[in-house]
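Structure first, then comments.
Predicted, not measured: the structure shown is a model, and the values here were computed from it. Each ligand, and each atom within it, is numbered from 1 in the order the structure gives. The first residue of the sequence shown is numbered 1, and numbering continues consecutively from there.
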Amino acid sequence: MTTKLAASFVALAMLASVARAQPAVSLLIDNGYPSTGSLNIASVLSQVSTKKGQAFHFGSTYDTYDANQSWFTSVFTTFYRHVVSENGCKWDATEPSQGVSDLTECLACQKFATTNGATFRGHNTFWHSQTPTWLPGSFTAAQITGTIIPQHVQAEVQGMGTSVTSWDVVNEVVGDGVSNGMTPLQCVQNKGDWPTVTADGSGKPLIGDLSFIYAAFNTAFQYAGNSTRLAINEYNTGGQDAKTACIISLVQNIQQNTNVPANRLAVGFQSHLTASTGGFYTKSALATTFSTLAALGIESMITELDVSLNSNSQANLRYQAAIWGDYLDACLYASNCNEFINWDPRDDLSWRGASAAATLFDASGNPKLAAYEVAARLQNYAAGNAEPCATASGTGVCTITGTGGGTTSSSGTGSGSTTTVKSTTSSTATGGSTGCVSAEWGQCGGMGWTGCTACASGTTCKVSNAYYSQCLP
Ligand code: 9MR
């Protein structure tokens with residue numbers, strides 16, 4: 001079993017932030033969408049997939065050795081419908097001794113997903129961090145590229161089977177000190193980490209080209225399913241900056257130098273964010289990057305989203321909800337973004353620390369405003385409404401108006417459109433089938449619900465919120 005490492009590595013894994021007061025923001029949950037009550041978005045997510053014309057995978061991290069297993073089962077049935085093993089598929093867990101594949105934890109996470117009707121994505125086959133004790137070792141460049149990487153990637157990708165939606169084939173290979181105009185090789189060498197240099201701290205060059213990345217991708221392509229996307233996954237990327245430019249040129253370079261076609265490649269934008277000015281990319285910056293990749297036939301994914309707060313004030317929680325909503329909209333309304341992963345399912349399990357309150361559910365497992373806003377954005381998209389404006393920019397730029405789910409209007413930058421949002425507040429259960437009966441405590445309505453709407457004798461169908469009605473005694 002993988003030992004969870006201290007989160008010290010991560011210090012740089014988020015956008016630089018400047019502590020400033022958060023702007024007032026406008027949210028969909030101010031306009032007729034629920035902001036209290038239980039959340040069940042399973043059927044809304046199905047509707048989103050229908051609208052997109054392909055499966056939309058919305059989920060979170062999970063490891064079997066985390067506590068709160070019953071909470072996990074519940075939340076991965078009703079909210080997160082896609083599973084990423086937080087640590088169980090990393091190199092230290094999956095090849096503890098050289099040449100000995102151990103997929104126990106990775107497979108257990110996949111089984112958890114399957115058992116709960118969720119899908120599963122793979123993270124990761126190559127990372128310079130969380131390596132087993134026998135790595136980095138003193139292997140030669142030829143051994144690393146010719147044997148060590150292909151052997152590991154084959155064992156993992158083949159062993160996990162063809163249903164994995166996407167793999168982070170290489171994780172965090174681009175440096176933080178890159179500048180515009182660098183070649184893909186310069187971008188990777190700027191990282192200054194094994195295996196471009198030896199791991200003994202001397203900084204001595206080891207692999208002088210991108211052959212280790214090509215080896216990982218060629219092997220993953222050979223053993224992955226026919227529709228599995230193969231990604232480079234990176235933090236502090238998503239806008240029009242040098243590091244993102246590196247990622248775009250690197251993924252093109254991989255396409256040109258491996259067997260992997262563009263329509264099987266992806267860029268994972270980790271998105272470890274901070275709720276303060278400069279702590280996240282604007283929605284339009286993300287949209288520009290996503291459409292650049294779409295023009296190349298390459299997918300974009302939000303792979304590790306969390307948004308840290310410096311306090312749990314209502315204003316901060318609203319700002320967090322606005323940022324989360326913008327990132328989700330950027331993905332929903334892009335033609336090439338179909339996976340959206342929230343990194344850590346609840347605050348007390350977050351690698352950012354519980355006090356950063358960086359996830360969608362609080363330390364007791366209750367949904368936060370951002371979770372309700374996420375549900376609202378999904379519903380808004382599924383209903384075929386136009387894209388809301390960029391809420392994280394503040395009400396000076398983007399205001400959503402209208403009560404009870406009436407008309408939303410947007411101002412300033414962002415979509416700038418006027419869109420009609422369907423009312424979600426109703427005292428009557430919506431959706432569902434007649435001619436059958438739900439049991440006591442069972443679901444009997446809610447948006448997207450296709451099951452029974454009548455309740456067993458002695459119980460009545462009562463609306464919990466727009467997404468969920470329940471047969472109560
Ligand atoms: O969330 C993971 C945490 O439990 C581990 O201790 C840590 C070890 O480095 O890795 C965390 O996940 C990282 C992910 O695998 C890659 N991107 C950065 C994530 C946060 O550190």
Would you check the N or O atoms of E172, main chain and side chain alike, for any that come under 3.5 Å of an N or O of ligand 1? yes
Polar proximity ligand 1 side, S129 side, N/O cut 3.5 Å exclusive: no
Please compare R352, Q130, E234, H123 and report which has the shortest non-hydrogen distance to atom 14 (C) of ligand 1. H123
Using 30° and 60° as the class boundaries, would you call the ring planes of W91 and H152 parallel, tilted or perpendicular? parallel
Check whether any N or O atom of W351, backbone or side chain, sits under 3.5 Å from an N or O atom of ligand 1, and answer yes or no. no
Considering the heavy atoms of Q270, write down every atom of ligand 1 situated less than 4.0 Å from one of them. 17 (N), 18 (C)
Can a side-chain donor-acceptor contact be found between S129 and E172 if the only test is distance below 3.5 angstrom? no
So salt bridge (charged side-chain N to carboxylate O under 4.0 Å, His left out) across residues 147-169, not counting sequence neighbours, yields R121-D168
Verify whether one side chain among D306 and T359 offers a donor that lies under 3.5 Å from an acceptor in the other. no
Are any of the N/O atoms in N87 less than 3.5 Å from those in ligand 1? yes
Assess the pair Y33 and Y372: is the distance between their ring centroids shorter than 6.0 Å? no
Just to be sure I read this right, does ligand 1 sit under 4.0 Å from the backbone of N233, its side chain, both, or neither, counting only heavy atoms? neither
Could you tell me if Q320 and E373 have a donor-acceptor pair between their side chains, going purely by distance under 3.5 Å? no
E304 heavy atoms, cut-off 4.0 Å: which ligand 1 atoms fall inside? 14 (C), 16 (C), 17 (N), 18 (C), 19 (C)
Please tell me whether C389 and C398 are bridged, where bridged means their SG atoms are separated by under 2.5 Å. yes
Ligand 1 atoms nearer than 4.0 angstrom to some heavy atom of H272 are 18 (C), 19 (C)
Is the closest heavy atom of Y235 to ligand 1 under 4.0 Å? no
Are any of the N/O atoms in W343 less than 3.5 Å from those in ligand 1? yes
Quick one: which ligand 1 atoms are inside 4.0 Å of a heavy atom on N171? 16 (C)
Is the distance between the ring centroids of Y327 and F280 under 6.0 Å? no
